[in-house]
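Quantities reported herein were computed from a predicted structural model and do not represent experimental measurements. Lettering of chains follows the sequences in order, A, B, ..., and the numbering in each one begins at 1.
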Number of protein chains: 2
Amino acid sequence: LTCAAADAVMPVWILLSSVPGLKAEDGGMEELTTEKEAEESHRQDSVNLLTFILLLTLTILTIWLFKHRRVRFLHETGLAMIYGLLVGVILRYGIPATSYHNKTPPSCSLKEGPASTLLLNVSGKFFEYTLKGEINSREIHNVEQNDMLRKVTFDPEVFFNILLPPIIFHAGYSLKKRHFFRNLGSIITYAFLGTAISCFVIGNLMYGVVKLMRVVGQLTDKFYYTDCLFFGAIISATDPVTVLAIFNELHADGDLYALLFGESVMNDAVAIVLSSSIVAYQPSGANTHMFDASAFFKSVGVFLGIFSGSFVMGAATGVVTALISFFGLHCFPLLETALFFLMSWSTFLLAEACGFTGVVAVLFCGITQAHYTYNNLSEESTKRTKQLFEVLHFLAENFIFSYMGLALFTFQNHIFSPIFIIGAFIAIFIGRAFNIYPLSFLLNLGRRHKIRGNFQHMMMFAGLRGAMAFALAIRDTATYARQMMFTTTLLIVFFTVWVFGGGTTPMLSWLHIRVGVDPDQDLQPCGDRQSKTKQESAWLFRLWYTFDHNYLKPTLTHSGPPLTSTLPSQCGPLASCLTSPQAYENHEQLRDHDSDFIRNDGDLTYTFGDTSITANGASGGGGGGAAEPAWSANGKRSGSTSEEALERELDSREQELLSRGTRLVFPIEDHI
Amino acid sequence: LTCAAADAVMPVWILLSSVPGLKAEDGGMEELTTEKEAEESHRQDSVNLLTFILLLTLTILTIWLFKHRRVRFLHETGLAMIYGLLVGVILRYGIPATSYHNKTPPSCSLKEGPASTLLLNVSGKFFEYTLKGEINSREIHNVEQNDMLRKVTFDPEVFFNILLPPIIFHAGYSLKKRHFFRNLGSIITYAFLGTAISCFVIGNLMYGVVKLMRVVGQLTDKFYYTDCLFFGAIISATDPVTVLAIFNELHADGDLYALLFGESVMNDAVAIVLSSSIVAYQPSGANTHMFDASAFFKSVGVFLGIFSGSFVMGAATGVVTALISFFGLHCFPLLETALFFLMSWSTFLLAEACGFTGVVAVLFCGITQAHYTYNNLSEESTKRTKQLFEVLHFLAENFIFSYMGLALFTFQNHIFSPIFIIGAFIAIFIGRAFNIYPLSFLLNLGRRHKIRGNFQHMMMFAGLRGAMAFALAIRDTATYARQMMFTTTLLIVFFTVWVFGGGTTPMLSWLHIRVGVDPDQDLQPCGDRQSKTKQESAWLFRLWYTFDHNYLKPTLTHSGPPLTSTLPSQCGPLASCLTSPQAYENHEQLRDHDSDFIRNDGDLTYTFGDTSITANGASGGGGGGAAEPAWSANGKRSGSTSEEALERELDSREQELLSRGTRLVFPIEDHI
């Protein structure tokens with residue numbers, strides 16, 4: 001048996017070096033000892049992983065029981081954490097902390113600094129060693145004792161490189177929602193501006209708390225201003241899981257769902273990039289860690305560079321996949337699914353290889369895939385890909401949450417600081433308030449149809465912290481400050497998931513937010529729709545929509561109007577070459593089952609037709625089916641017509657977010 | 001960024017230790033250097049893995065092209081190997097062998113033997129190092145140079161613990177075939193006895209070759225008899241992939257398919273256990289490596305112990321899953337699928353934790369799941385689980401084969417020995433012949449319906465070597481003998497996959513084996529079916545079948561006759577408690593879409609009904625639908641009646657394997 005070292009900095013836990021093996025070339029006692037040791041540790045590892053698997057199994061069984069009995073006060077993620085906690089307690093206190101052998105490892109001295117590879121010369125034979133990390137001098141003698149607890153501790157990078165990508169990709173892939181695109185402007189505002197505000201507010205408040213701690217004498221080691229900002233960044237990532245699962249189950253208001261979902265998905269990406277920009281913010285005077293204009297602008301530059309780079313990377317891979325899937329594989333769902341999976345994974349790797357953030361790239365890749373590739377896949381493949389990522393997502397998510405529970409007791413370097421923890425709870429509350437209320441106020445100035453008070457309160461309440469905050473916190477727990485942050489983050493996650501997660505249902509009814517919205521019920525006609533004001537439709541978005549609808553969609557998918565009708569006539573040959581035969585067919589008979597945008601368009605004209613009917617005094621009525629041929633007719637008028645339609649949509653897009661029943665177009669995941 | 005060491009002895013490449021990180025507690029130049037290095041290596045790893053992903057993508061696209069143009073001379077696995085070879089050539093010769101930095105790593109000396117953990121004291125700070133492996137003294141100075149090539153080399157255990165389990169599980173899970181159970185006796189004979197014969201024949205022949213090499217002076221290091229036997233074991237594992245894909249596509253004879261499929265799946269398990277028993281065969285006199293009766297019996301004991309232990313483990317987990325799925329989760333396909341996945345994985349871990357062979361346990365778990373759990377899953381979940389494992393299997397398989405191509409040029413310690421290679425080619429040919437022909441002769445003595453000559457020749461020809469042989473060979477490449485074996489195995493895999501795989505279609509027509517068997521065409525009535533001889537139905541199998549059909553199936557699944565009708569009347573209350581309400585319904589109206597055994601039973605009675613019609617002079621005719629009520633009626637007569645039915649089946653079970661068209665019940669995977 002061999003024991004190899006993995007560079008786990010990255011997803012390439014798989015990409016291990018081939019190792020000639022521990023076996024010496026002639027058999028001997030020492031070989032046998034090493035082999036036995038390796039076997040013993042191999043078994044121990046199996047047992048550990050088995051613990052996790054059984055934990056997940058138990059969670060699934062209990063979820064099933066809860067679903068069966070319609071228990072809603074505890075979500076599956078909360079449940080997973082509880083089981084994790086229990087197992088953590090058992091591991092920590094139930095098992096005597098003796099190791100299977102009590103040797104202190106041999107030690108040797110060098111004057112040079114630590115290199116990643118070290119050679120050991122044992123009587124002429126050379127052995128290669130890899131650096132595992134620094135250990136405290138007080139821990140030297142119980143390296144082996146700690147081994148068992150450390151074994152059940154994951155490499156933090158595992159969260160980033162294995163567990164988060166499927167979760168984030170799934171979020172992006174299932175983002176293809178009408179309500180999302182309708183509220184895109186607000187979502188982006190909350191996600192970018194809001195997260196930045198939250199980060200700075202929390203960071204500064206925590207700096208005050210830290211100063212207080214120093215005064216009181218509770219601070220035993222360094223805690224810089226950048227550390228506080230870093231904490232602000234990681235704790236600003238809200239979790240879409242728990243609240244939204246309940247929203248889905250209760251069929252809560254679609255626009256509120258879209259705002260929350262969109263915000264929490266996008267702010268994960270923002271938080272990752274923000275936190276790494278803060279780490280990159282190292283003032284040239286080394287240890288000052290104070291404000292420095294040049295370093296600040298460098299950080300902003302890093303933020304913009306990494307974010308846009310990751311975005312472009314993700315979108316590009318999505319487009320490439322769409323192009324590949326455009327040209328066929330229709331008859332082979334297995335090939336399609338495998339290709340889809342591989343291309344999505346390669347987005348992650350490509351971004352990491354270029355120094356960007358894989359997780360962010362994966363998010364935008366998911367969105368692009370949902371927008372373009374999804375339309376090209378065969379019906380079988382759309383189902384397969386969705387189900388594949390659903391399972392991966394489900395497993396990864398429950399794994400993370402049960403691991404969180406476990407980490408409270410098995411992580412070795414917790415620093416519980418009551419002042420810091422209480423301060424953090426207050427700070428995240430204030431930070432969330434500074435995010436939601438002022439931005440909602442500003443957005444409401446621009447929006448014709450306001451985000452009402454009860455929606456704002458719900459968004460305030462729904463600021464749960466989850467997987468992303470945890471993953472960012474565990475990524476680096478080397479220093480005193482980071483250890484304290486990690487402990488605090490863990491407690492915040494527990495509290496918010498259990499208390500806020502469990503309180504979602506009562507809160508919804510307390511805030512009079514309508515639940516049980518009939519998914520089949522379409523948008524109700526709105527009286528004040530005629531009063532359109534052009535300036536509120538963002539010209540950039542309009543430009544993009546037109547470009548996408550007229551050129552990208554027809555080039556990359558089999559849906560949308562044929563290029564021959566959208567391109568100028570002098571491009572005729574090129575257009576007919578790029579347009580698939582199916583596009584013509586689809587143009588006549590819309591396949592609205594696989595394209596939300598198409599559905600959108602249908603609704604658009606419906607809205608329009610509806611409005612004109614309203615103008616004539618007859619409101620409502622008429623199925624979506626009657627509208628589609630009308631749109632088809634519109635589409636044939638090409639170019640300008642589709643822009644007209646868009647404008648009409650954009651005008652009505654930001655209609656008031658009343659708590660009246662709107663059609664919930666999110667797939668109702670009854671089966672989860 | 002952190003750099004952690006993984007104990008990759010096991011599937012727990014994930015279960016990495018949490019590492020405090022390389023970061024020293026106060027920032028400094030050395031920290032920056034280490035961080036940059038880590039980042040650099042992280043990027044390099046991403047690029048490497050990206051190479052593999054792109055390789056797979058390319059393979060998929062080419063497969064699609066081939067499928068599209070109906071190219072059959074090269075299977076996807078062969079294709080994957082070719083792409084792997086090309087990339088290997090580029091990596092080896094295309095990129096200058098300079099490393100990104102040229103330092104020789106620091107070295108230190110110790111008198112003790114190498115421990116798995118080493119502490120390094122750098123001016124008072126302690127760093128932990130993990131053993132990576134021994135390196136040759138001549139390689140010390142190009143440790144860094146080799147790094148790049150070694151990076152694209154996987155840990156051999158990855159094959160065993162990540163890539164093989166899904167492949168093997170899928171094989172077991174898709175084994176639910178009527179023809180398989182019909183030919184079970186022959187399959188087991190070929191798999192157990194045949195593999196053992198093949199192993200010993202090849203081992204002894206290779207020992208002769210090795211002796212010849214010593215005489216000629218071609219042998220530069222030790223090569224023991226046990227090494228030869230080990231080679232015999234690893235090279236006896238035949239691959240089910242390539243030939244059977246072609247069989248499936250061409251709809252070749254069902255019984256031949258079952259014989260080949262069953263043999264190659266089962267002999268993988270036998271080869272694993274056999275090879276580890278041979279490794280365990282260490283005569284007490286240390287380095288003699290000659291025959292020793294006590295060690296031999298120890299080996300046999302180890303073989304039996306590991307095999308039966310793994311078998312029990314796999315079957316037990318399968319049964320537990322069946323029981324869990326029996327009690328519900330019906331409405332939640334996602335939960336069902338996740339549970340199914342986790343339970344199957346825990347089989348692997350449980351077996352490894354107990355010291356058995358995970359891969360073998362996974363095989364039997366797959367078979368049990370297919371037999372029991374499959375019947376309890378909702379329709380949605382059966383599709384989901386099948387598709388999930390299909391994708392995993394597809395990816396893993398193509399990964400292994402493209403890696404094989406890559407390994408030819410990137411593996412560092414190839415030993416090409418022409419004599420050994422030629423000897424091995426001859427030996428595997430002879431070994432296969434000693435397996436197939438004598439055993440077929442013996443089996444034909446017992447079988448009423450013989451395995452005819454052309455079938456035997458096809459089985460001889462179809463002895464391709466693939467993933468399992470490779471994985472076993474790469475598992476340990478520490479010694480001279482093992483390195484030579486690895487090189488030879490690689491070449492044998494290439495040759496057999498390309499030449500024999502490509503030659504399958506011509507061979508089928510040359511041997512006059514009927515292809516294009518209509519899947520809808522049932523077994524044709526056979527004139528000599530009346531002449532039943534009871535002794536040929538194995539009593540043990542009959543006993544098992546009756547027990548399974550009357551007690552296990554009703555207890556573990558929702559199909560089969562209700563327990564109330566099969567248990568003695570005094571067990572009434574227990575029986576009605578254990579029988580699900582659905583069983584009664586199913587009993588009336590068979591859900592034959594999800595149970596091959598049920599279908600089997602239907603066919604059984606059909607066959608019987610058919611026979612009686614034949615006896616009356618009117619052969620053939622009558623749909624399966626007409627037969628099922630007849631069976632239902634039979635079933636109600638309970639107990640003894642089902643045994644009668646079984647006997648009828650068993651009598652006709654071993655009917656002559658003529659090359660006439662038999663119904664191909666294997667799902668025709670058009671979509672792959």
Heavy-atom side-chain contact between A:Leu395 and B:Leu342 under 4.5 Å: yes

Spacing of CZ belonging to A:Phe394 relative to OG1 belonging to B:Thr337, to within rounding of 0.5 Å: 9.5 Å

Gap between atom CG of B:Leu350 and atom CG of A:Leu50 - 0.5 Å precision: 5.5 Å

Separation of A:Ile60 CD1 from B:Phe341 CZ (nearest 0.5 Å): 10.5 Å

Interatomic distance, B:Glu390 atom CD to A:Arg384 atom CZ [nearest 0.5 angstrom]: 4.5 Å

Interatomic distance, B:Ile324 atom CD1 to A:Trp64 atom CH2 [nearest 0.5 angstrom]: 10.0 Å

Worked verdict on A:Lys383 versus B:Gln387 for side-chain contact (heavy atoms from CB on, under 4.5 Å): CA-CA 10 Å; A:Lys383 263 183 94 174; B:Gln387 290 174 352; 5.9 Å; no

Interatomic distance, B:Trp345 atom CH2 to A:Thr57 atom OG1 [nearest 0.5 angstrom]: 11.0 Å

B:Leu56 and A:Leu339, any side-chain heavy atoms less than 4.5 Å apart: no

